[in-house]
Amino acid sequence: MLDSLSDMLARIKNAQKARHDEVRIPLFQLGLAVVKVLKQEGYLGGFQEKTEEGRKWIEVKLRYVGRREPLIQSLNRTSRPGRRIYKGHLDIPQVRSGIGFAILSTSQGVMTDRKAREKKIGGEVLCTVW
């Protein structure tokens, strides 16, 4: 797998389209940090780190609204291995006029666009969520 983060985002989107309650994702540090941000923002129900047969997984509980409509409407990878996108704190994009948010990898860890603007630090724009 060349791009583990894209794989993780695709697994979450596909599981929500299929109306699954949870999805398993191979454990990697950046993925765990992104899952933590999604949980803090209320887009995921929860997560657990599990080990089975020597493999480490993140078991993510998905959230739905109303009649099992996915809470996450859009989850898109912005920066890719072939084209990295870095932004300073003044240039961080607003997602859907502030309804959504971007997840950034900064020198102080993975955080939302709002926190990065507050702390006045830029970084790599990993993905956008709304």
Considering only NZ, NE, NH1 and NH2 on the basic side and carboxylate oxygens on the acidic side, decide whether D3 and R77 come within less than 4.0 Å.
-> yes
Spacing of CG belonging to L71 relative to CG belonging to L62, to within rounding of 0.5 Å | 10.0 Å
Results of ring pair (Phe, Tyr, Trp, His ring centres under 6.0 Å) for Y43 - residues two or more places apart only = F101
Going by the side chain to side chain donor-acceptor pair (under 3.5 Å) test, which pairs reach into residues 20-31, not counting sequence neighbours?
-> D21-R68, E22-K61, R24-E52
Just how far is it from atom CD1 of I121 to atom OG of S107, taken to the nearest 0.5 Å?
-> 5.0 Å
Begin with the C-alpha distance, continue with both residues' side-chain angles, and end with the deciding distance and a verdict on side chain to side chain contact (heavy atoms under 4.5 Å, CB included) for D113 and K87.
-> CA-CA 10 Å; D113 57 349; K87 299 289 182 179; over 6 Å; no
Pairwise side-chain contact, C127 with L5, heavy-atom cut-off 4.5 Å (strictly under) = no
Check against salt bridge (Lys or Arg N to Asp or Glu O under 4.0 Å), K36 and E41 = CA-CA 9 Å; K36 285 179 182 178; E41 293 295 313; over 6 Å; no
F47 CZ to I25 CD1 distance, which is reported to the nearest 0.5 Å = 11.0 Å
Give, for atom OG1 of T51 and atom CG of L27, the distance between the pair rounded to the nearest 0.5 Å.
-> 8.0 Å
Check whether any side-chain heavy atom of L104 sits under 4.5 Å from a side-chain heavy atom of T112, and report yes or no.
-> no
Is it true that E69 and R19 make a salt bridge, defined as a side-chain N closer than 4.0 Å to a carboxylate O?
-> yes
Reported NZ-to-OG1 distance for the pair K115 and T106, which is rounded to 0.5 angstrom = 10.5 Å
E124 with R84: basic N within carboxylate O range, under 4.0 Å | yes
